There are 2 protein chains.
Amino acid sequence: MTRDSKTARPDPDRDELAFLARYDAAEFPHPSLAVDVVLVTAHEGRLRALLVRRDEHPAKGRWALPGGFVRLDESLEEAAARVLREKAGLADVFVEQLFTFGAVDRDPRTRVITVAYYALVDHERLAAANPGSGDSLVAVLDVPWSGVAGGAVRAQRTGGESLALAFDHAIILGVAVERLRGKLDYAPIGFELLPAHFTLRQLQHVHETVLGHAVNKDSFRRRMLASGRVVATGQRERDASHRPAELYRFEPNETDGRTLTPPAARR
Amino acid sequence: MTRDSKTARPDPDRDELAFLARYDAAEFPHPSLAVDVVLVTAHEGRLRALLVRRDEHPAKGRWALPGGFVRLDESLEEAAARVLREKAGLADVFVEQLFTFGAVDRDPRTRVITVAYYALVDHERLAAANPGSGDSLVAVLDVPWSGVAGGAVRAQRTGGESLALAFDHAIILGVAVERLRGKLDYAPIGFELLPAHFTLRQLQHVHETVLGHAVNKDSFRRRMLASGRVVATGQRERDASHRPAELYRFEPNETDGRTLTPPAARR
DNA sequence: TGAATAGTGTCTATAAGACAATATCCC
DNA sequence: GGGATATTGTCTTATAGACACTATTCA
């Protein structure tokens with residue numbers, strides 16, 4: 001790294017340290033910064049997400065994404081993981097940054113910018129960690145558009161009753177679904193919605209649930225097996241009332257394990 | 001929207017207004033929130049980006065992405081547009097949110113989270129608006145990885161001299177290049193790096209510059225023409241010392257004009 | 001044995017890569 | 001005409017969709 005010659009000066013380090021000592025972060029007003037997590041799962045052919053009932057103002061009584069304010073000593077990713085731990089009782093799930101929402105009036109309290117994350121977990125794990133208390137539920141997502149058209153997404157109870165969403169969370173849910181649909185075909189994320197061992201039909205069912213339409217069975221099998229990320233375990237399905245299918249597991253590529261999240265931003 | 005029955009209470013609106021009147025945003029410490037813009041262009045086979053020399057601490061003398069703190073009365077997109085206007089003299093360019101960087105120690109002053117945007121502009125426009133003063137330059141990007149492997153990106157002067165980058169801006173540049181490469185094949189963004197009228201060869205050259213490798217000419221032409229987004233103008237190239245090529249222009253699809261940015265987040 | 005789904009093989013349609021042939025401009 | 005690139009057409013190859021057929025389990 002060649003330093004630009006114009007920057008040469010007597011004692012840069014001491015100079016900078018002196019500057020930092022004088023710096024006052026409260027000099028001008030700051031917005032509030034939050035993280036919200038779209039914790040997605042798939043069950044019975046429907047996409048679902050964890051919602052939490054707000055018991056305080058603003059939007060008291062409405063349903064919101066689990067979220068919280070970012071602490072000064074934690075990274076954004078740590079904040080998202082903390083929210084998942086505290087509000088969903090989950091650790092070690094797939095989490096990725098979704099989008100940052102910063103409309104001026106998105107929160108009536110004051111200016112709140114939220115960095116949204118989405119997390120993927122198989123339904124059994126989520127149901128075990130969140131046995132549907134009165135304060136939280138796994139809502140069914142009702143996506144009123146097809147493909148990656150985008151737009152707000154509605155939430156309802158399993159019975160079909162609509163849930164009133166807080167703030168711009170219907171929009172955030174929509175962006176999450178859009179992102180999932182867009183990434184599903186080229187990124188190894190379908191597996192994250194299934195247990196460690198799964199059949200190809202289960203995987204296809206998950207893809208169809210995310211995409212919102214049926215996919216071709218033959219080419220789906222071929223693509224999955226050709227990807228090299230789906231390997232047979234030798235075990236077979238148990239309870240089926242028909243020929244049991246082979247159980248597979250997800251085996252990451254060399255190129256996996258990295259996402260758009262740059263390592264330096266993960267800390 | 002059916003309201004959950006448990007939320008019923010005497011006068012919800014007045015209740016919420018009273019709450020908001022009491023709310024104190026300064027109750028707990030807030031991080032600083034900035035936007036940084038990766039203003040990308042392509043010229044002479046190289047990807048380039050606008051950098052600004054920092055004349056204040058921290059990182060004084062180093063080269064940084066144009067950026068600024070977000071004001072309480074502007075959206076994130078407005079802040080990015082303002083930065084482009086103030087630091088690059090540009091308006092009405094393609095801008096899209098890239099990623100939000102929030103490592104605890106990414107800025108030595110205090111906790112600063114930055115929402116990074118990338119903007120695309122054709123080189124002539126950028127050169128006209130930014131005639132390379134001492135404080136800013138259009139740096140050449142040296143990408144030390146291929147495909148979408150990701151990682152830090154180096155910056156240099158046109159002559160080849162390395163430029164010391166401030167903060168985590170080498171990482172941000174890397175994420176921008178990774179995103180560009182990932183989106184180029186399915187999103188109409190190559191056009192944004194060219195003037196309104198262009199030849200197919202120019203478009204191919206832009207794609208090759210972004211991707212960092214040669215692409216097949218025949219299939220490139222076919223794909224572009226089949227996309228329906230490239231329409232002939234009837235005009236032809238002028239200065240060429242060979243058979244002049246037809247000039248085309250970009251014609252958005254019905255499905256274009258929308259990005260991952262949800263409309264509600266754009267204000 | 002029948003119902004139901006798993007898994008295999010083959011044919012066809014489509015898109016990409018390769019390459020040859022012709023067209024059109026400037027010098 | 002020669003140099004250079006544009007543009008068109010054809011052939012080959014890889015992949016997705018369609019479909020027929022066999023395999024295996026449980027009831």
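Computed from a predicted model, the values in this text were never measured in an experiment. Below, chains carry the letters A, B, ... as their sequence lines are ordered, and counting in each starts from 1.
The distance between atom NZ of A:Lys217 and atom P of C:dG9, rounded to the nearest whole Å, is 14 Å. Regarding B:Arg223, its CZ atom lies at a distance of 15 Å from the C1' atom of C:dT14, rounded to whole Å. Taking atom OH of B:Tyr248 as the reference point, atom C1' of D:dT7 lies 8 Å away to the nearest angstrom. D:dC26 atom P lies 10 Å from atom CZ of A:Arg238, rounded to whole Å. Atom CD of B:Glu237 is separated from atom P of D:dA6 by 7 Å (rounded to the nearest Å). In this structure, A:Leu200 places its CG atom 16 Å from P of C:dT5, rounding to the nearest Å. D:dA16 atom P lies 10 Å from atom CG of A:Asp185, rounded to whole Å. Atom-to-atom, CZ of B:Phe220 to P of C:dA18 comes out at 16 Å; the value is rounded to the nearest Å.
Minimum atom distance to the side chain of A:Arg221 is reached by C:dG7, of the listed C:dG7, D:dA6, D:dT25. Listed candidates were D:dT25, C:dG7, D:dG3. Nearest to the side chain of A:His242 is D:dT25. Side-chain atoms of A:Ala245 lie closest to C:dA6 of the nucleotides D:dT7, C:dA6, D:dG3. Side-chain proximity of B:Asp218 to C:dG7, C:dA18, D:dG17: nearest is C:dA18. Comparing C:dA6, C:dG17, D:dT7 against the side chain of B:Arg236 picks out D:dT7 as the nearest.
Of the possible donor and acceptor atoms, none in the side chain of A:Arg154 sits under 3.5 Å from a partner among the backbone N and O of A:Pro144.
Put simply, B:Ser219 has a side-chain N or O that comes within less than 4.0 Å of OP1 or OP2 on C:dG17.
Put simply, NE2 on B:His207 and CG on B:Leu200 are 10.0 Å apart, with the number rounded to the nearest 0.5 Å.
The pair A:Glu96-A:Lys183 counts as a salt bridge, with a side-chain nitrogen and a carboxylate oxygen less than 4.0 angstrom apart.
Contact annotation: side chain of B:Arg222 to base of C:dG17, donor-acceptor pair present below 3.5 Å. Side-chain N/O atoms of A:Arg243 and base N/O atoms of C:dA4 include no donor-acceptor pair closer than 3.5 Å.
Ring geometry for A:Phe191 versus A:Phe250: interplanar angle under 30°, hence parallel rather than tilted (30 to 60°).
Inter-residue side-chain proximity for B:Phe198 and B:His205 is flagged as unmet; no heavy-atom pair is nearer than 4.5 Å.
Using a 4.0 Å heavy-atom criterion, one finds that B:Ala226 contacts no nucleic acid atom at all.
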